[in-house]
Undergrad: 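Here it is: the structure, laid out below.
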Amino acid sequence: MQKTLDNRAWFLVLPVVLLVAFNAFIPLMTVVNYSVQDIYDSTHRAFVGADWYRDMLHNHRLYRALVRQFVFSGLVLLIEVPLGVAIALTMPKKDGWATSLTLVLVALPLLIPWNVIGTIWVVFLRPDIGLLGHFIDHTLGIHFDYPTVPMQAWISVMLMEVWHWTSLVVLLAYAGLRAIPDAYYQAAHIDGASAWAVFRYIQLPKMRGVLTIAILLRFMDSFLIYTEPFVLTGGGPGDSTTFLSIYLVKLAIGQFDVGRAGAFSIIYFMIVLAFSYVFYQALQRVGTGETK
Amino acid sequence: MARIELKDVAHSYLRSPAGPEDYALHRSDLVWEDGGAYALLGPSGSGKTTLLNIISGLVRPSEGRILFDGRDVTGLSTAQRNIAQVFQFPVIYDTMTVFDNLAFPLRNRSVAETEVRARVLKVAELLELADDLKKRASGLAADAKQKISLGRGLVRSDVAAILFDEPLTVIDPHVKWMLRLKLKQIHHEFKLALIYVTHDQAEALTFADQVMVLSEGRVVQVGSPTDLFEHPAHTFVGHFIGSPGMNLMPCTLDAAGVRVDGHGVALDAAYLERARRAGGELELGIRPEFVRYQPQAADGYMPAEVTSVEDLGNYKIVTARLGARLLKVKLREGTSVATGPGWLSFPPEWTRLYVNGDVLS
């Protein structure tokens with residue numbers, strides 16, 4: 001085939017270039033720009049090289065936030081993935097009004113704006129008028145004051161997170177389960193497989209793809225979580241629920257320390273990228289028999 | 001090992017079927033003898049898979065009873081019925097090796113591991129899977145996967161029958177015949193009843209000793225491949241089996257014989273007498289293989305018009321117009337035939353009359 005050379009064709013990729021530039025590249029470069037300079041005011045600045053990076057890598061508050069973040073994301077995955085799969089397994093398998101109703105109910109938390117979620121839980125957990133707070137404080141007789149007790153703050157944030165996001169895992173797992181042909185269940189039945197064996201050897205392997213996506217999404221989202229805990233606890237009491245992004249915002253906007261915040265952002269970005277890559281590679285190989 | 005019997009079994013997928021059209025399977029009495037190779041043959045939607053699932057227990061029939069060796073198993077689940085089934089698409093356990101796949105039904109039944117090993121090795125040997133035992137089942141080709149599905153049935157010592165639901169659909173044509181041979185061999189060695197559902201007549205006729213032909217939820221004929229070919233009990237069987245199918249023409253009776261579009265066809269007098277007494281809608285049926293052809297007028301031959309000749313190498317298929325009807329005639333290669341006038345005759349020994357679709361014996 002005769003190819004005609006026409007450089008005007010480059011204009012066709014322009015929209016995508018612009019989109020990626022404004023969407024990802026320019027913001028990222030702005031951050032890189034901040035991270036290598038010490039900015040005093042709008043006219044005075046100095047190039048400091050990797051100083052902010054060195055500084056942030058020796059910052060104990062960052063390490064504590066990082067550890068907190070890993071504990072949080074770890075708990076999120078440990079709770080939400082098994083719980084989501086368990087709920088998906090109990091959902092109706094045939095099309096009908098029951099299925100539609102269940103799906104709508106399950107999807108409901110995902111449709112609520114994030115700051116509204118935080119607000120809902122602030123009210124829900126109030127010991128005086130909140131349904132759950134009042135129940136714990138008065139009916140169970142446990143003194144409940146999550147804004148001052150770190151353990152209670154953690155439990156509250158976890159509860160809110162699980163309530164908000166388990167639905168996503170449920171929907172993905174349910175989609176995976178529905179895609180399994182009936183013949184698999186029939187064959188397993190003929191082979192005398194127990195319910196556990198059906199789960200272990202049919203349902204779980206067949207859900208591998210969707211669960212990979214679920215784990216990746218839940219890891220990334222929970223690792224970047226900001227709005228809901230910020231509304232609920234503001235990172236407190238003390239810094240007990242200060243996760244990476246909350247710390248980052250405090251640094252960048254609260255203290256206007258954009259050099260440190262820039263370096264922090266880049267490190268943060270690298271961590272998310274590295275972990276997502278490792279997760280993805282590992283999950284691609286689970287159950288396929290590849291060893292390398 | 002068992003003789004399988006269906007007594008007055010009928011099935012509808014609707015909870016309260018209103019009329020006969022709501023039934024996927026009409027009331028039938030059927031028997032599969034122990035150790036037989038059976039095929040259930042019929043077009044899509046004829047009820048053959050429903051029938052198969054009733055035997056295996058995946059579907060509980062709305063009416064009637066199922067007996068295995070005289071024992072009522074209607075209420076028993078598939079696992080309790082000692083039935084193995086091979087599905088249209090290979091079902092394998094992706095995360096397991098071939099060995100574990102084959103061992104799975106035995107391990108679920110708590111068979112001792114030494115026994116499991118011995119049986120799996122024996123079956124793997126037979127199915128030519130011995131070299132793949134340590135491999136992951138998910139990486140194998142479709143035919144190997146289908147052999148694993150079959151193997152999971154064969155390893156069990158308690159299996160009464162193995163059911164096949166169009167098992168060769170996803171298999172490449174050149175591997176199909178090898179698998180079919182394998183099935184024959186397995187049938188010989190294991191002496192199991194094999195029940196094979198297919199819509200492919202070649203598959204059914206080469207595989208089975210007995211073929212059950214289904215149409216619209218009814219078993220219209222049970223017989224050997226030769227029976228089905230030479231004595232189709234129903235116009236559906238005549239039409240469905242054979243390539244091309246039986247020629248069927250509406251006809252009337254007269255003193256000398258039957259009349260098809262004004263042409264007289266001589267038939268046995270006693271046979272005609274029975275036809276006269278039967279009444280009803282009459283059709284004359286003759287297979288293309290049995291129609292005789294002459295290029296010139298001859299005694300007992302009817303004038304026709306050859307409209308096309310297809311040469312398929314080892315035989316020719318001739319389309320001829322007899323009155324208003326188009327007939328197919330299958331001739332040996334080397335027979336010289338040209339379009340234009342031709343003469344046909346229907347030998348009485350191969351000509352059947354059908355009354356309301358059923359053959360007149």
Side-chain angles (χ1 to χ4, degrees), chain A residues 81-82 85 88-89 92-99 172-173 175-215 279-292, chain B residues 49 52-53 55-59 76-98 100-111 134-140 145-146 148-153 155-156 158-159 161-163 165-167 169-170:
Chain A
V81 174
V85 170
L89 284 171
K93 285 176 188 64
K94 293 200 170 65
D95 286 320
W97 65 267
T99 309
L172 285 167
L177 284 174
R178 287 292 299 264
I180 303 174
D182 271 345
Y184 277 84
Y185 293 110
Q186 294 171 343
H189 194 53
I190 289 168
D191 289 341
S194 61
W196 164 250
V198 169
F199 175 71
R200 169 68 185 80
Y201 297 112
I202 295 174
Q203 292 170 325
L204 203 54
K206 293 281 172 201
M207 282 194 289
R208 190 170 62 91
V210 288
L211 286 184
T212 303
I213 294 170
I215 290 173
F279 268 138
Y280 181 74
Q281 291 298 326
L283 290 165
Q284 279 293 295
R285 281 172 190 148
V286 166
T288 57
E290 290 175 54
T291 47
K292 280 182 188 165
Chain B
T49 297
L52 197 73
N53 287 343
I55 300 171
S56 66
L58 295 171
V59 167
L76 295 186
S77 72
T78 311
Q80 296 165 307
R81 278 191 197 184
N82 307 335
I83 286 283
Q85 188 162 350
V86 178
F87 296 90
Q88 191 167 5
F89 297 96
V91 173
I92 52 148
Y93 304 105
D94 291 341
T95 53
M96 295 188 199
T97 61
V98 173
D100 291 337
N101 258 282
L102 293 174
F104 191 62
L106 297 178
R107 287 177 177 158
N108 285 332
R109 289 171 174 78
S110 312
V111 174
K134 289 202 175 71
K135 287 189 196 154
R136 289 245 168 193
S138 56
L140 299 177
K145 287 183 179 174
Q146 208 54 307
I148 295 172
S149 306
L150 170 61
R152 284 204 310 269
V155 289
R156 288 164 55 190
D158 59 341
V159 163
I162 301 186
L163 313 183
D165 190 355
E166 312 206 11
T169 311
V170 292

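Sequence lines set the chain letters: A, B, ... in the order given, protein chains first and strands last, and positions in each chain run from 1. What's counted below: heavy atoms across the whole structure, side chains too, no hydrogens, waters or symmetry copies.
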Undergrad: For each of K135(B), Q88(B), R109(B), M96(B), tally heavy-atom pairs with chain A at distances under 4.5 Å, and name the one with the top tally.
TA: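 Greatest number of close heavy-atom pairs with chain A: R109(B).
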Undergrad: Could you report the tightest heavy-atom contact between R152(B) and A187(A), atom names first, then the distance?
TA: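 Closest approach of R152(B) to A187(A): NH2-CB, 4.0 Å.
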Undergrad: Less than 6.0 Å separating the ring centroids of F87(B) and Y184(A)?
TA: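 No, the ring of F87(B) stays outside the 6.0 Å limit from the ring of Y184(A), centre to centre.
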Undergrad: Can you name the nearest heavy-atom pair linking F104(B) to A197(A), along with the distance?
TA: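 Nearest heavy atoms, F104(B) then A197(A): CZ-CB, 4.0 Å.
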Undergrad: Search all heavy atoms of A84(B) against all heavy atoms of I190(A) and return the closest pair with its distance.
TA: CA-CG2, 3.8 Å
Undergrad: Nearest 0.5 Å please: distance from the CZ atom of R200(A) over to the OH atom of Y93(B).
TA: 13.0 Å
Undergrad: To check you understand the geometry: which heavy-atom pair defines the closest contact between N108(B) and G192(A), and what is its length?
TA: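 That closest heavy-atom pairing would be CB-O, 3.3 Å.
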Undergrad: Got a second to check how far H189(A)'s NE2 is from I83(B)'s CD1, nearest 0.5 Å?
TA: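 If I round to the nearest 0.5 Å, the distance is 12.5 Å.
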Undergrad: Is the closest basic N to carboxylate O distance between D94(B) and R208(A) below 4.0 Å?
TA: no
Undergrad: Report which part of R156(B) has an atom under 4.5 Å of a heavy atom belonging to chain A: side chain, backbone, both, or neither.
TA: side chain
Undergrad: Side chain from CB out, backbone as N, CA, C, O: work out which of these in L58(B) comes under 4.5 Å of a heavy atom of chain A, or both, or neither.
TA: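 It is the side chain, since no backbone atom gets that close.
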